[in-house]
Amino acid sequence: MSEPVLQIAIPTPLRRLFDYRPPAGADPAALQAGIRIHVPFGHRQVIGLLTGITQTTEVPQHKLKRATAVLDSVPVLSAELLELLGWASRYYQHPIGEVMLNALPALLRREAQPVWRGSEHWQLTPAGIAAINEGLKRAPKQAALLATLRARPEGINAAELDSEHLNWRPVLKKLIDKGWVEMNLRSTLPPPSANLLQPPALTSAQRAAVEQLAGQLGQFHCSLLDGVTGSGKTEVYLQLIERVIAAGRQALVLVPEIGLTPQLVERFRARLNTPVAVLHSALNDQERYAAWLAARQGEAGVIIGTRSALFSPLPNPGLIIIDEEHDLSFKQQDGFRYSARDLAVLRAQKLDIPIVLGSATPSLESLHNVRQGRYQHLSLPERAGAAVFPRFIIQDVRGQKLEHGLSAQLLARMQQHLDQHSQVLLFLNRRGFAPVLMCHACGWHARCARCDAHLTVHRGQHKLRCHHCGSEQRLPGACPECQTEDLLPMGLGTERVEEALQARFPDARIIRIDRDTTRRKGALQELLRQIHAGEADILLGTQMLAKGHHFPEVTLVGMLDADYGLYSADFRASERMGQLILQVAGRAGRAERPGEVMIQTHHPDNPLLAQLAAHDYPAFAETLLQERAQAELPPYASLALIRAEAVDPRAALDFLQAARQAAGPTGSDQPLLLGPVPSPMERRAGRYRAQLLVQSGDRQTLQRFLQHWLVRIEQLPDSRRVRWSVDVDPLEMF
DNA sequence: AGCACGCCGACT
DNA sequence: GTCGGCGTGCTC
């Protein structure tokens, strides 16, 4: 009898599995698909994943090696996940070994037998409690930290402290030295709260949605929960999850990167009678492994996380929720370029459980799926509570003299709202002081040495910075070409608007929120706290300000420049602009004072703006869908984008040209190849970039084509001298 | 991607 | 004489 052959996924960019003989003396019963296994690979030992067992192999006997050791007694990937990942590897054309191993927590990728040591958290000691009662007048920082600790008798970890305190470590050290605080290691998730909050009353639409969805638990259903901002989608999720937990099953909740805030997690923990495992980028490897274990052991009834949490083990699957399903962060933008939203739908289907895609501004893809009858449509048309929709004002700024980007009308309205002690929110999707620095004498522009881009002026830090490669230099005092000291910052950024606002409204307290003001850990949380505490009058920011946060005191929203999305090279720009405008608008308005949204534009007659202003997202989406259908773009066609980059100016284009040749003749039943062309920003970080677009009306056709074509591309002589990648269903077209 | 092998230039 | 440059080839 011959030995079985193990098919192993190896973390390498090679697009295949590798065959091995079983480890010496291995128990055949121990060789289950989904276990990790040590194997010799080339000249090193690696951790691979057993995906299957066969009896035959094409590999010649002399090449076939013996695996070294079985590492797991229980599979780390269930059959269900193995199948999903195999499918994803084929669909996204990404090497199977990288796909499989990436689905595991880093600790399992690296270590044969990781040890869970527990995560650090801190608690007050009885002496600490006594100290608070005595009062600490001379040490305000210590007092503040003690207050936080007192509010969390079950203990608080580093990530949570980061969100509430700046530079807390030295202060904490003092408290530990005094014996007021002790560090403990927690081995499991915090247990569910002893006194859970009661669910609030639902609106009729919320109740209808919950009932409809609850009636469908136990089998696959994909529903689009189309709920305007403020309509209470989260409450629908919570009540649905309560039923899933009551049935002894698990719910997986995926949220966008910026959506996963401590407040959201708190809300889940305060309501749900189950341990909640949280997976996000700020976790260290130990914490990530702990959350993964809690999911796999079924201890966590809810797993909430960003994109990669999709691959969490779910021994008792009951429900998947994708919140803000239109959000771009569900698509990974490098390496394994998967869409967590799309794969989640497939996972739910394979698990035969329901999935809910929630959004106030659904993606055109999802709306299309509703029309095709693939998704069920549930809508929450009203804002919960007494909140009213804001009124839109389309402000024509053509020919107007703008004061640092602000029209007279917007300034006047701001004054009105500020006089009524309301908050005003201004949105400008450009950070820094000015996007261009020009010499008034000779016309010189500050350009990045490594990119085809202007350098942005950051006046506060006296820097010129490239927003594409991150390089920076001192702000010059004089033109490097003609030495004239007459350099003009041109155009607007949030920093400049902030300065202008401060001059225009000297008494207003202004808070700017963009990547520059929130870089420090915990800085965003602190600014948000100030806003909620009413310590701000004007909020100014980039899209960070638009997503996920709720500002009940804001009654006026101003979009300084809505035009960039209307006529862009990227066919998705207008969809995104619309979603952003409605999201920003959703920040305004509450019971007593309905909000206003002023949109400054040079295209006041654009029908898309009119549809948004009428709160008619369906009509807006319909217009865009018709455009997409006409242009044969997604969701009416499938796309794949091959990107290439190289230091040599011609290499990327030449490589893609060769790739195009390698595709052979294109018939009418074959996908269309468009390009290669230089990328919209050809040079970035010192590399020249190009792209080749593949388009087909049929997904399957595109799949089959890519599968054969990529093998040929890999055999091209330049395929190792040029950095290249495939992006199936690309969202960003450059 | 790693990693080793291999064949030509300037060094203790 | 050899250290090391990165081209080329392989990974069951």
Less than 4.5 Å apart, any side-chain heavy atom of [X] and any of [Y]?
X: A:His94; Y: A:Gln332; value: no
X: A:Phe311; Y: A:Asn102; value: no
X: A:Asn369; Y: A:Val345; value: no
X: A:Val46; Y: A:Val39; value: yes

Select base, sugar-phosphate, or nothing to describe what [X] touches, counting heavy atoms under 4.0 Å on all strands.
X: A:Phe41; answer: base
X: A:Pro40; answer: sugar-phosphate
X: A:Leu6; answer: nothing
X: A:Arg16; answer: base
X: A:Arg44; answer: sugar-phosphate

Q | Side chain of A:Leu64 (C-beta onward), nearest among C:dC10, C:dC12, B:dC3 | A | C:dC12
Separation of [X] atom [atom1] from [N] atom [atom2], in whole Å?
X: A:Ile10; N: B:dA1; atom1: CD1; atom2: C1'; answer: 13 Å
X: A:His43; N: C:dC10; atom1: NE2; atom2: P; answer: 12 Å
X: A:Glu3; N: C:dC12; atom1: CD; atom2: C1'; answer: 14 Å
X: A:Asn102; N: B:dA1; atom1: CG; atom2: C1'; answer: 13 Å
X: A:Arg720; N: B:dG2; atom1: CZ; atom2: C1'; answer: 9 Å
X: A:Leu716; N: C:dT8; atom1: CG; atom2: P; answer: 14 Å
X: A:Gln715; N: C:dG9; atom1: CD; atom2: P; answer: 13 Å
X: A:Glu98; N: B:dA1; atom1: CD; atom2: C1'; answer: 8 Å

Q: Apply the side-chain hydrogen bond (donor to acceptor under 3.5 Å, both in side chains) test between A:Arg431 and each candidate in A:Thr542, A:Asp514, A:Asp516; give the one that qualifies.
A: A:Asp516
